[in-house]
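Below is one structure; the comments refer to it alone.
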Amino acid sequence: MSEEEPKKGIPKKRRVKGARRSNQSSSRKTLYLKRQELLREMVEGDKEVSLSDQIARIDPKRATPEEEKWGDKTRMKKGSNWLLWAVVGMAVPVLVVGFLILSRGANSQSGAEEASALNLDFDLMGDEETVKPEDWFIEHSVEVFKGSLAILEDFEKGDVGSEELRGVFRSEGQYERFVEAQESGAWAGFSLDDPSAMKTDYGSSGEAGFMVIRLERKDFRDGRAYFVHQDDEVRFDFDATEAYSEVPVPELTGRKLEEPVLVRAWIGKEPHFDARSDETVFSWYQVLDPGLAEFVWAYARRGSEIDERLREELNYGRLIEERKREFRGTVRLSNATGFREDEFEIVELLATEWVLSVQED
């Protein structure tokens with residue numbers, strides 16, 4: 001029997017597998033020889049071979065490490081597309097807001113009407129920093145605070161008829177109202193025993209800067225004493241301190257007003273307050289008494305200067321800052337023709353606080 005003739009009892013598949021193992025053995029032998037040759041060159045040549053060169057010499061199929069594939073053309077193309085869409089996604093909102101701002105500047109009246117209709121305000125740029133009337137109080141905070149406490153202490157002495165005491169009030173009318181309130185027992189003084197428990201705030205009402213001292217009153221209510229800077233002196237604002245109104249909010253209902261009356265109150269607004277009658281939209285507000293116990297309804301015509309000022313103070317429909325529930329305001333109210341007896345019209349917004357820019361008697 002010749003050598004080429006297959007042996008009996010040995011399946012062909014076993015012979016094929018045997019041949020494959022022989023090839024693999026040869027491959028491993030070749031790989032071993034390559035490693036030995038590379039090692040001998042490094043030892044005899046006394047030189048270093050980088051890891052990438054070693055892999056290229058031993059196994060060319062693995063010549064390119066996996067971590068080096070991050071910069072191939074396919075991956076770079078995918079990364080470029082992602083970056084492009086990210087830039088477009090950020091640029092679109094900026095362009096939209098910029099277009100709205102420019103459009104509003106080009107046509108301010110039309111822009112204001114559109115923003116009012118949407119209850120939105122895209123005026124994101126504020127005015128440059130300027131000197132405010134309240135800055136005088138901040139610069140002289142220590143001496144003003146001490147002087148204001150001295151005025152409140154003089155009120156407790158009971159000598160209300162002295163000329164010196166008369167001069168600390170903002171106006172003659174305020175002094176007369178203070179004397180009347182003290183004689184009738186309506187004036188509740190302030191607890192002055194612990195100055196450390198008092199807190200101060202500063203603000204401006206038009207051209208009038210003021211300071212507020214927050215402290216407890218003798219009837220245990222939270223109190224606010226207002227002082228204004230007038231004629232280079234500190235004056236006590238009795239009307240703002242007592243939230244004086246020509247007709248108090250609880251007395252307005254059913255009252256026939258011959259002319260508009262000055263009212264100090266809290267002004268509040270909610271989205272469901274507005275109402276339409278024929279072609280007119282009425283922007284309704286709650287006018288609450290200083291104790292937030294009673295209120296009447298009052299409106300301003302939608303889009304009017306008064307309505308816009310009230311909305312601005314409340315941050316109502318604005319994108320910046322949180323909307324206020326209510327704020328202290330001084331307004332003039334008149335009877336609303338064709339409405340109920342507890343509904344009025346806001347004919348003038350005098351101040352967005354209880355301090356007036358110019359004192360009225």
Exam field: side chain [X] to backbone [Y], donor-acceptor pair closer than 3.5 Å:
| X | Y | result |
| --- | --- | --- |
| Asn335 | Glu259 | no |
| Glu251 | Pro248 | no |
| Lys324 | Glu313 | yes |

Arg235/Glu233 ion pair, N-O < 4.0 Å: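 So Arg235 pairs with Glu233 through a salt bridge.
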Salt-bridge contact Glu308-Arg302 (side-chain N to carboxylate O under 4.0 Å):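 No, no charged N to carboxylate O under 4.0 Å.
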Check the side chains of [Y] and [X] for a donor-acceptor pair under 3.5 angstrom, ignoring hydrogens and angles.
| X | Y | value |
| --- | --- | --- |
| Asp194 | Ser196 | yes |
| Ser283 | Asp307 | yes |
| Gln359 | Gln174 | yes |

Derivation of the side chain to side chain contact (heavy atoms under 4.5 Å, CB included) call for Arg332 and Glu345: CA-CA 8 Å; Arg332 288 193 191 278; Glu345 180 181 1; over 6 Å; no
Close side-chain approach of [X] to [Y], heavy-atom, < 4.5 Å:
| X | Y | result |
| --- | --- | --- |
| Asp342 | Phe295 | no |
| Ile346 | Tyr285 | yes |
| Phe210 | Gln230 | no |
| Thr253 | Glu341 | yes |
| Arg311 | Arg323 | no |
| Pro271 | Tyr316 | yes |
| Leu310 | Glu312 | no |
| Thr200 | Val212 | no |

Rounded distance [0.5 Å steps], [atom1] in [X] versus [atom2] in [Y]:
| X | Y | atom1 | atom2 | answer |
| --- | --- | --- | --- | --- |
| Thr352 | Arg328 | OG1 | CZ | 11.5 Å |
| Gln286 | Leu292 | CD | CG | 10.0 Å |
| Met198 | Phe190 | CE | CZ | 9.5 Å |
| Glu348 | Leu262 | CD | CG | 9.0 Å |
| Phe273 | Trp284 | CZ | CH2 | 11.5 Å |
| Leu257 | Phe344 | CG | CZ | 5.5 Å |

I'd like to know if [Y] and [X] are part of one continuous hydrophobic network [Ile/Leu/Val/Met/Phe/Trp/Tyr, side-chain heavy atoms within less than 4.5 Å].
| X | Y | value |
| --- | --- | --- |
| Tyr226 | Tyr244 | no |
| Trp354 | Leu350 | no |
| Ile267 | Val347 | no |
| Tyr202 | Leu356 | no |

Greater than 12 external heavy atoms within 6.0 Å of Glu172's CD: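 Yes.
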Show the nearest heavy-atom pair for residues [X] and [Y], with the distance to one decimal.
| X | Y | answer |
| --- | --- | --- |
| Gly209 | Pro133 | N-CB, 3.5 Å |
| Ala265 | Leu288 | CB-O, 2.9 Å |
| Ala208 | Ser357 | CB-O, 3.7 Å |
| Arg224 | Thr241 | O-CG2, 3.2 Å |
| Val263 | Val247 | CG2-O, 3.7 Å |
| Thr330 | Glu353 | OG1-O, 2.7 Å |

Identify each donor-acceptor pair in which a side-chain atom of residues 135-152 lies under 3.5 Å from a protein atom, sequence neighbours left out, and give them as a table.
unit_1, atom_1, unit_2, atom_2, d
Asp135, OD2, Lys132, N, 2.9
His140, ND1, Trp136, O, 2.8
Ser148, OG, Val144, O, 2.8

Under the side chain to side chain contact (heavy atoms under 4.5 Å, CB included) test, residues paired with Arg325 that sit two or more places apart: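 Arg325: side chain to side chain contact (heavy atoms under 4.5 Å, CB included) contacts with Glu270.
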Could you work out, with side chain to side chain donor-acceptor pair (under 3.5 Å) as the rule, every residue matching [X], not counting sequence neighbours?
| X | result |
| --- | --- |
| Glu322 | none |
| Asp219 | Arg221 |
| Ser204 | Glu134 |

Ring centre gap for Phe339 and Phe282 strictly below 6.0 Å: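 Yes, close enough.
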Pair Phe178-Phe169, ring-ring contact (aromatic ring centres under 6.0 Å, His included): steps then yes or no: CA-CA 9 Å; Phe178 169 77; Phe169 286 84; 5.0 Å; yes
Pairs satisfying salt bridge (Lys or Arg N to Asp or Glu O under 4.0 Å), at least one member in residues 236-250, at least two apart: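 Qualifying pairs: Arg170-Asp237, Arg177-Asp239, Arg217-Glu242.
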Aromatic ring pairing Phe155/Trp187, orientation class (parallel under 30°, perpendicular over 60°, tilted between):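 Because their plane-to-plane angle is over 60°, the rings of Phe155 and Trp187 count as perpendicular.
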Arg301/Val281 under side chain to side chain contact (heavy atoms under 4.5 Å, CB included): CA gap, chis, key distance, verdict: CA-CA 6 Å; Arg301 294 186 181 274; Val281 178; over 6 Å; no
